[in-house]
K.L.:
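To start, I am sharing the structure in question, which I have written as structure tokens.
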Amino acid sequence: MKLLNFIGGEWIEDNSLQTMPVINPANGEQLGTIPLSTKFQVEIAAQKAKEAQKQWALVPAPKRADYLYEIAFKLKEKKEHLAQILTKEMGKVIEEARGEVQEGIDMALYMAAEGRRLFGETVPSELPNKFAMSVRAPIGVAGLITPWNFPIAIATWKSFPALVAGNTVIWKPSNETPFMAYELAKIFEEVGLPPGVVNVVFGSGPTVGTAIVEHPDIRVISFTGSTTTGSKVAELGGKHLKKVSLEMGGKNAVIVMDDANLDLALEGILWSAFGTAGQRCTACSRVIVHKNVKQELENRLVEATKQLTIGDGLDPSVKVGPVINKAALEKINHYVQIGKQQGANLLIGGEILSEGELSKGYYYAPTIFTDVEATSILAQEEIFGPVISIIEVSSLEEAIEVNNGVKFGLSSSIFSQDINKIFKAQQLLDTGIVYVNAGTTGAEIHLPFGGTKGTGNGHRDSGQAALDVYTEWKSIYVDYSGKLQRAQIDNNA
Ligand code: NAD
């Protein structure tokens with residue numbers, strides 16, 4: 001299937017553009033093609049979005065929200081259809097794909113309800129007969145740049161708050177997962193969103209992404225992706241004085257204390273380390289374990305890992321699907337070789353899988369290293385694959401220090417039965433998300449999502465915090481005294 005850009009409410013066919021194939025990572029099958037757009041398509045989209053925004057901003061927020069309710073119903077109606085396509089283009093197992101679509105439904109309903117809130121403040125003025133309030137004002141056109149690992153959820157985290165707040169959108173999805181963008185754009189069209197309110201432009205990051213970040217009419221950029229790309233976006237966006245929201249990489253850890261419920265810890269680690277084949281930004285890639293339970297946890301992790309079924313995520317018995325592409329497979333394997341060379345002890349996995357049907361796709365064996373040095377490359381860099389490093393510690397203090405001793409700060413988790421340790425940990429763990437007695441994944445859409453240090457730049461997706469990205473605060477003073485009242489001066493008379 002030949003996917004087209006969606007600009008100004010129309011599907012634009014442009015045969016002069018080069019195309020790129022979209023591949024199912026489970027079996028190498030070609031699913032379709034996308035156009036490799038140029039700066040020109042971004043310029044047209046920006047023009048359409050800018051024109052549309054003038055009217056869209058005047059639509060009362062509860063009416064803008066009605067579109068989001070309709071979108072939620074469409075997403076519900078199409079949930080299974082979308083999940084199947086998601087698994088085909090991205091590789092995650094079907095149960096997780098359904099969960100991801102559900103996240104989009106939840107976000108649509110949450111942000112639709114914002115249409116009747118979008119709370120500002122009213123405060124008493126220091127002067128008589130004067131009224132003071134603040135309101136959230138839309139910024140204008142929002143440029144959204146998204147990765148492939150949550151191709152629909154992340155798009156909804158960004159576009160829904162942007163829309164309900166009165167912005168219009170230009171969205172560049174990842175080239176690896178354009179089908180979710182196509183399906184979501186179709187839904188925007190089906191619910192009758194006015195032309196130009198959402199525009200989708202396919203193409204490469206350096207060309208289309210850069211054109212979006214540079215464009216003078218696109219005033220807010222919301223990016224999710226790697227820290228390397230995010231830094232470039234921040235630099236360029238900063239040069240153009242844009243508001244730039246960044247959600248980037250992670251090196252998330254599960255801490256297992258010696259009083260932990262090990263059955264629970266085991267389940268939490270497996271789910272957060274090997275779910276989505278380790279390609280979640282919140283994936284657990286370090287297990288920081290107390291020396292008293294290290295051996296037992298290691299033995300049980302290895303046994304449980306042997307039982308994981310690997311294959312095409314459309315098969316409901318499969319627990320670990322493929323990684324996104326050949327480059328990802330090679331990158332993961334490269335880190336595993338570094339781990340071996342640097343003396344980490346490989347307990348299981350550590351290889352590309354290519355037997356039988358697996359040879360057609362991109363599969364990496366779930367891998368566990370132990371006796372990993374906390375400062376080694378294996379334990380420091382984002383691998384983005386099914387690889388765990390076990391690090392031994394002797395105390396909670398040491399566990400927290402190891403957890404915080406990386407350049408990222410997205411998600412962390414602690415398994416313990418001791419309420420004092422738990423509260424101390426939640427206070428000191430330097431991550432945007434902390435889980436207690438659960439793995440490092442499982443965010444719900446009504447709380448802020450994002451991280452500290454190399455993971456972000458202070459903004460958040462999801463929850464109320466997302467509205468801060470897509471709105472400007474406007475403070476309004478209404479003086480009905482009929483005379484000039486000077487703040488800070490006349491109230492002291
Ligand atoms: P990526 O950085 O390679 O690409 C992300 C997006 O940026 C893509 O759409 C890409 O085309 C675009 N892009 C590439 N170069 C660009 C440039 N120069 N200017 C503008 N845009 C450009 O990331 P990826 O491989 O698609 O995704 C995986 C990464 O995303 C991981 O690091 C993961 O941790 C991170 N991630 C973070 C979160 C979070 O919320 N913190 C969530 C999901 C994924």
Side-chain angles (χ1 to χ4, degrees), residues 20 25 34 36-37 39 42 89-90 92 100 103 143-158 170-178 180-181 200-215 218 221-237 239-240 242 244-252 276-285 323-325 327-328 331-332 381-385 406-411 431-433 440-441 443 445 447-463 465-466 469:
M20 184 179 161
I34 53 161
L36 289 173
S37 311
K39 197 173 171 179
V42 174
E89 72 169 347
M90 188 277 157
K92 67 177 62 175
E100 183 177 339
E103 213 167 324
L144 314 181
I145 301 175
T146 57
W148 47 263
N149 66 335
F150 279 86
I152 191 157
I154 292 177
T156 68
W157 298 354
K158 295 182 187 303
I170 298 178
W171 171 24
K172 191 209 97 58
S174 167
N175 287 345
E176 306 290 342
T177 50
M180 280 298 101
V200 179
V201 182
F202 296 110
S204 85
T207 304
V208 172
T210 302
I212 288 175
V213 179
E214 275 181 335
H215 199 289
I218 305 175
I221 304 293
S222 180
F223 167 87
T224 298
S226 63
T227 301
T228 311
T229 312
S231 306
K232 289 184 199 160
V233 169
E235 201 177 328
L236 191 58
K239 194 173 142 204
H240 293 272
K242 302 268 175 103
V244 179
S245 166
L246 304 170
E247 300 296 342
M248 302 174 286
K251 189 69 187 176
N252 316 291
T276 316
Q279 303 168 106
R280 295 177 183 134
C281 49
T282 52
C284 162
S285 65
V323 299
I324 190 70
N325 55 29
K331 180 180 163 204
I332 296 163
E381 294 191 11
E382 186 182 48
I383 299 173
F384 227 51
V406 291
K407 63 183 177 210
F408 305 102
L410 183 52
S411 176
T431 52
I433 307 169
T440 52
T441 62
I445 59 91
L447 279 184
F449 184 96
T452 63
K453 301 189 283 186
T455 296
N457 64 343
H459 295 281
R460 293 289 186 269
D461 278 337
S462 281
V469 174

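Counting starts at 1 for both ligands and their atoms, following the listed order. Note that the coordinates shown come from a computational prediction; the quantities given were computed from them, not determined experimentally.
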K.L.:
Give every pair formed by an N or O atom of ligand 1 and a protein N or O atom closer than 3.5 Å, one pair per line with both atom names and the distance to 0.1 Å, or write none.
P.N.:
{"from": "ligand 1", "atom 1": "2 (O)", "to": "Ser226", "atom 2": "N", "distance (Å)": "2.9"}
{"from": "ligand 1", "atom 1": "2 (O)", "to": "Ser226", "atom 2": "OG", "distance (Å)": "2.7"}
{"from": "ligand 1", "atom 1": "2 (O)", "to": "Thr229", "atom 2": "OG1", "distance (Å)": "2.7"}
{"from": "ligand 1", "atom 1": "9 (O)", "to": "Thr146", "atom 2": "O", "distance (Å)": "2.7"}
{"from": "ligand 1", "atom 1": "9 (O)", "to": "Lys172", "atom 2": "NZ", "distance (Å)": "3.2"}
{"from": "ligand 1", "atom 1": "11 (O)", "to": "Lys172", "atom 2": "NZ", "distance (Å)": "2.9"}
{"from": "ligand 1", "atom 1": "23 (O)", "to": "Ser226", "atom 2": "N", "distance (Å)": "3.4"}
{"from": "ligand 1", "atom 1": "25 (O)", "to": "Trp148", "atom 2": "NE1", "distance (Å)": "2.9"}
{"from": "ligand 1", "atom 1": "26 (O)", "to": "Trp148", "atom 2": "NE1", "distance (Å)": "3.3"}
{"from": "ligand 1", "atom 1": "30 (O)", "to": "Gly225", "atom 2": "O", "distance (Å)": "3.3"}
{"from": "ligand 1", "atom 1": "32 (O)", "to": "Glu382", "atom 2": "OE1", "distance (Å)": "2.6"}
{"from": "ligand 1", "atom 1": "34 (O)", "to": "Glu382", "atom 2": "OE2", "distance (Å)": "2.6"}
{"from": "ligand 1", "atom 1": "41 (N)", "to": "Met248", "atom 2": "N", "distance (Å)": "3.3"}
{"from": "ligand 1", "atom 1": "41 (N)", "to": "Met248", "atom 2": "O", "distance (Å)": "2.7"}

K.L.:
Below 4.5 Å, heavy atoms only, C-beta onward: do Leu236 and Thr210 meet side chain to side chain?
P.N.:
yes
K.L.:
Give a yes/no verdict on a cation-pi contact between Lys172 and Phe223, requiring under 6.0 Å between NZ or CZ and the six-membered ring centre and an angle within 45° of the axis.
P.N.:
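No, Lys172 does not sit over the ring of Phe223.
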K.L.:
Please identify each residue that fulfils side chain to side chain donor-acceptor pair (under 3.5 Å) with Asp461, with sequence neighbours left out.
P.N.:
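Asp461 satisfies side chain to side chain donor-acceptor pair (under 3.5 Å) with Lys158 once adjacent residues are dropped.
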K.L.:
For Ser37, check side chain to side chain donor-acceptor pair (under 3.5 Å) against everything at least two apart and list the hits.
P.N.:
Asn5
K.L.:
Is the closest side-chain donor-acceptor distance between Glu103 and Trp157 under 3.5 Å?
P.N.:
yes
K.L.:
Mind checking side chain to side chain contact (heavy atoms under 4.5 Å, CB included) for Glu381 and listing every partner two or more places apart, or none if nothing turns up?
P.N.:
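Expected list: Tyr335, Ile377.
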